[in-house]
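Notes to accompany the following structure.
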Amino acid sequence: MSAEPDPDGVLTRVRSATPAMVKRVLRPLARRVGLAAPRQWWDSSRSRSPHLGMRSRGAGAWCNICGWAGDGFEGVAHSESARCPICGSIARDRFLFWCFTSRTPLNRKLRVLETSPRLGHGYRTAMRRWFSYRSSDFDLGAHLADIALDLQQIDLPDNSIDVLLTPHVLEHVPDTRLALSEIHRILSPGGRMYLQVPLLQGTTAPPLEPEFHADNTKVYWRFGWDLTTVLRDSGFAVRVLVPSEFAQELERTTTDAADQSGEFDLGSIRRDVVHADLEPVLTDRHARLLGTLPCHQFVVWECVRDAS
Ligand SMILES: [Zn+2]
């Protein structure tokens, strides 16, 4: 039998490692490079609830979805980037998850539905451990999901969902009010929706030119702050959740700041905001750790159905 090649003696040292050494050296090292995170995430004996506390231990970046901590996320500071090297979450995924888990009374029986989730098998397995979780997609084309659902005609009974997570879907639905009335119908009394759409401008309008997102689905609406009124008209109590830094930035009447940041029309976003609707939910320190920068790219509407 030929010996296993081990030129640097690494295998020998690992095999002879004592339990104390494993605890003191190898586990922190594995955690540091991210190898320990999937285990924490998948191990049901340890992972009885979503990651809510800060477990960053001095790291510069922390993924609240899988628990990875490290020096920084991959990519650039943008809501569609800053990718977690372990679970693949991007910055907006982590902000939505933060809003949901930090604002909702959590329990194992929560019936959670997520429309067109980006994250795959590992994330969904974890969500199923924590909640009664299902995922949906309009046609099961661009996203794998448990069920096909059209938000304008939801094939689910009344009062059958406690929490709806809907990231970057409503802008692809032609009839917003019809979708919201269907969502209101399927939510249980006191149930809630965490609604995420790109906020690129202050007031809602259809795109000036045909617009498609990466998965080739058409954009019907570019939403603004006035979406809040439409949500209230549909029977929800609404708070607009933002990072603290964004709320402070909107308070300032800046004349020197740039009015355009890529796709984001900051001039109309500043002009049309309703300050009383805003609810700061993320400190500057937590925003840096979660990689949710720049702050103006992160908005989630919390919509609570009346309890009766
Ligand atoms: Zn992650």
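Position 1 is the first residue of the sequence, and the numbers go up from there. Counting starts at 1 for both ligands and their atoms, in listed order.
- At a threshold of 4.0 Å, the pair Glu302-Arg192 counts as salt-bridged, since one of the basic side-chain nitrogens sits closer than that to a carboxylate oxygen.
- Centroid-to-centroid, the aromatic rings of Phe73 and Trp68 come within less than 6.0 Å.
- In this structure, Phe95 has its ring center no closer than 6.0 Å to that of Phe100.
- No more than 12 heavy atoms of other residues, nucleotides or ligands sit less than 6.0 Å from atom CZ of Arg134.
- Asp233 is linked by a salt bridge (charged side-chain N to carboxylate O under 4.0 Å, His left out) to Arg177, counting only residues two or more places apart in sequence or in another chain.
- Tally of protein N, O or S atoms closer to the Zn ion (ligand 1) than 2.8 Å: 4.
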Requested in this report: Using the salt bridge (Lys or Arg N to Asp or Glu O under 4.0 Å) rule, take Asp277 and Arg232 through it: C-alpha gap first, then chi angles, then the decisive distance, then the call.
Outcome: CA-CA 11 Å; Asp277 291 340; Arg232 288 189 178 132; 3.1 Å; yes
